[in-house]
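Since the structure is predicted, the reported quantities are computational estimates derived from the model, not experimental observations.
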Amino acid sequence: MGAGGGAARRRRGTAAGLIGAALLAAGTALGAGGAYAQPIPTPGGSGSPAAPPGPATGAVLAAAGTGPEAAVPTAKGLQQALGPYVSDRNLGTVSVAVADAADGQVLYGSGENVPGTPASTTKLATSVAALSLIPGDTRLTTRVVRGADPGTVTLVGGGDPTLTALPADQVQIGGRPADADTAPASLEALARQTAAALKAAGTTRVKLDYDLSLYTGSPQHRTNPDNYNIALVVPLMVDEAKVDPKSREEAPERFADPADAAATTFATMLAAQGVTVDGKAGPAAAPAAADAPVLGKVDSPTIARLVERLLTDSDNQLAEAIARQVAIAAHQPAGFEGAAAAVTQQLTRLGVPMTGVVLNDGSGLHKGNQIPPAALVRILALAASDQHPALRPVLTGLPVAGFTGTLGKRYGSGSGAADAAGLVRAKTGTLSGVNTLAGTVVDADGRLLTFAVMSRTADTVPADTVRAALDRIAAHLASCGCH
């Protein structure tokens, strides 16, 4: 059922071309049509350049075979190739779906329509909903405006959790220095702008408050109250509310009150620019007026870049922020419930099979989320579709096996999946007793496939053992012609 050496060589060349094109596109902002999450600010408030034009439709997938050599695998072939690995006892209760990326049709499945706990593969749903509603070149703006009370300035949260207090030369994304496309907005730059505007008006002493009115509802994640996996979800924070902004831990310590910490840091930066802040900053009594004079503003990277980052690094804080932008674009309340409703509504409009889908958040931390594998492979197929070029950052943001993000330390020597390093791109998901993997792979005949594998085990089964079993399924899919 497997392919011969010639097909394998074709597969490796095709896959390498696909990955190279995808990684190239990852540095390119993609535009999109649809409703604005909020009025798009003019790029450059933080000194960042405007996003360059995106690739033509299908450019990322141009290397994938579509001719006679790229035959579609059969259900029988996939069963024979994957069956022994799907039945691995280390996986516990497992469900799987493999689909043709060209049309999203399921080619092989086992429990493919049975809802399972998606964990962080929920972020695929959030990302597709976001990029189908919000133009990819949208940026999230943090502003400072004249306050309602004389002598007061208001720091207005725009929903950008990546706003940083670090100097530019210390900022890293995924352990690498940020470039022009990925560099976050600078709180220090905002302080410089604000201080310059105040001093130009003859003011060197102010009171400071902050506006959190962009979001609604409780900011506390219902199943993760520890402030490590995720902080309070508020529209104003710095460095994702990390106490140590340089931390690369999976669950770093975070500030209990992210907005207060951000405002305190901003006040210190104003003082360094020669503007004294009297007293301690607190919440504004009312939302900032729409016509309040702007003293300074800085812009995040584009939504396209933020989606890539949240997928590569499985960033919970950023995923919840993007989910709230989906809610705003869909005219839903910008809280957990409104965001989940907006994502659900948009996926339904896109034709994703939603039977059994239950969403409670945008990050996948909620243990009550439910998504069948068949829905995940359809979501991924949408991102690969020529009809939806705006969704391409969902593919370019997927971790690359053995190289980037949450797959960077997997698919190594001795894993039984090392041959697929660099060939599999997939979103991971992990909760206690839950492990998932959903992504794309080019098979031995050059056919682009989407897949999703969802496992539920006892909490006592080591997560690394389960993940290795999931990786072997994806690896054998990559080496398979499966006819």
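At least one donor-acceptor pair closer than 3.5 Å links the side chain of T450 to the backbone N or O of V377. T436 contributes no side-chain N or O that, together with a main-chain N or O of M454, makes up a donor-acceptor pair within less than 3.5 Å. With T152 contributing its side chain and A148 its backbone, the two residues share no donor-acceptor pair below 3.5 Å. Of the possible polar contacts, one joining the D239 side chain to the A165 backbone as a donor-acceptor pair under 3.5 Å is found. The closest donor-acceptor contact from the side chain of T182 to the backbone of A178 lies at 3.5 Å or more, if one exists at all. Here the side chain of N369 pairs no donor or acceptor atom with the backbone of P118 at under 3.5 angstrom. Within the 3.5 Å criterion, the main-chain N or O of V153 finds no donor-acceptor partner in the side chain of K207. E308 contributes no side-chain N or O that, together with a main-chain N or O of T396, makes up a donor-acceptor pair within less than 3.5 Å.
Put simply, CZ on R192 and CG on L270 are 12.0 Å apart, with the number rounded to the nearest 0.5 Å. Taken from CG in L163 to OG in S300, the straight-line distance is 9.5 Å, to the nearest 0.5 Å. Separating the CG atom in D361 from the CD1 atom in I230 is a distance of 7.5 Å, to the nearest 0.5 Å. Here H366 contributes atom NE2 and L431 contributes atom CG; the two are 11.0 Å apart, rounded to the nearest 0.5 Å. Separation of atoms CD1 (I379) and CD1 (I371) is listed at 5.5 Å; rounding is to 0.5 Å. Rounding to the nearest 0.5 Å places OG1 of T121 at 5.0 Å from CG of L376.
Side-chain atoms of D137 and T302 form no donor-acceptor pair, as typed in the model, at a separation below 3.5 Å. Counted by atom type alone, S385 and Q387 present one or more donor-acceptor pairs between their side chains at under 3.5 Å. Between the side chains of D160 and T142, no donor-acceptor pair is found at a separation under 3.5 Å.
In plain terms, the two heavy atoms of L232 and M237 that are nearest each other are O-CE, 3.4 Å. Between L311 and P393, the closest heavy-atom pair is CD1-O, 4.3 Å. Among all heavy-atom pairs drawn from L318 and P161, the shortest one is CD1-CG, 3.8 Å. The shortest non-hydrogen separation linking L166 to P245 is CD2-CG, 3.9 Å. The shortest non-hydrogen separation linking L187 to A262 is CD2-O, 4.1 Å. Between V106 and A374, the shortest heavy-atom contact is CG2-CB, 4.3 Å.
Looking at heavy atoms from C-beta onward, L470 lies in side-chain contact with L91 at the 4.5 angstrom threshold. Contact annotation: the side chain of P184 approaches that of V171 to within less than 4.5 Å [non-hydrogen atoms, C-beta and beyond]. The shortest distance between side-chain heavy atoms of R456 and T117 falls below 4.5 Å. In this structure, R146 and T154 have side chains that are not in contact, with every pair of non-hydrogen atoms separated by 4.5 Å or more. At a threshold of 4.5 Å between non-hydrogen side-chain atoms, the residues D209 and L155 do not count as touching. Here the side chains of T348 and V352 are not in contact, with every heavy-atom distance at 4.5 Å or above. L124 has its side chain within reach of L398: a pair of non-hydrogen atoms, C-beta onward, lies under 4.5 Å apart. Taking the side chain as every heavy atom from C-beta outward, L437 and F451 approach each other to under 4.5 Å.
Pairs of residues two or more places apart, or lying in two chains, that qualify as salt bridge (charged side-chain N to carboxylate O under 4.0 Å, His left out) and include a residue from residues 97-125 are D100-R447. Sorted by first and then second residue, the salt bridge (charged side-chain N to carboxylate O under 4.0 Å, His left out) pairs with a member in residues 311-320 read E320-R324; sequence neighbours excluded.
Ring geometry, H221 versus F336: the interplanar angle exceeds 60°, so the pair is classed perpendicular (tilted spans 30 to 60°).
R143 meets the side-chain hydrogen bond (donor to acceptor under 3.5 Å, both in side chains) test with no other residue; sequence neighbours excluded.
Here K246 does not pair with E240 in a salt bridge; the nearest charged N to carboxylate O distance is not below 4.0 Å. With salt bridges taken as basic N to acidic carboxylate O contacts below 4.0 Å, one links R467 and D464. Using a 4.0 Å cut-off between charged nitrogen and carboxylate oxygen, D471 and R410 count as a salt-bridge pair.
Atom CD of Q172 has more than 12 neighbouring heavy atoms from other residues, nucleotides or ligands inside a 6.0 Å radius.
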Worked verdict on T428 versus N435 for side chain to side chain contact (heavy atoms under 4.5 Å, CB included): CA-CA 8 Å; T428 58; N435 285 275; over 6 Å; no

Begin from the C-alpha positions of V298 and Q193 and carry the test side chain to side chain contact (heavy atoms under 4.5 Å, CB included) through to its verdict. CA-CA 9 Å; V298 290; Q193 292 177 30; 3.9 Å; yes

Evaluate the side-chain hydrogen bond (donor to acceptor under 3.5 Å, both in side chains) criterion for residues T404 and T312: first the C-alpha distance (whole Å), next the side-chain angles of each, then the deciding distance (0.1 Å), finally the verdict. CA-CA 7 Å; T404 63; T312 301; 5.7 Å; no

Step by step, would you call L295 with L198 a side chain to side chain contact (heavy atoms under 4.5 Å, CB included)? CA-CA 7 Å; L295 301 172; L198 288 170; 3.9 Å; yes

Trace of the side chain to side chain contact (heavy atoms under 4.5 Å, CB included) decision for L395 with T440: CA-CA 8 Å; L395 297 191; T440 65; 3.8 Å; yes

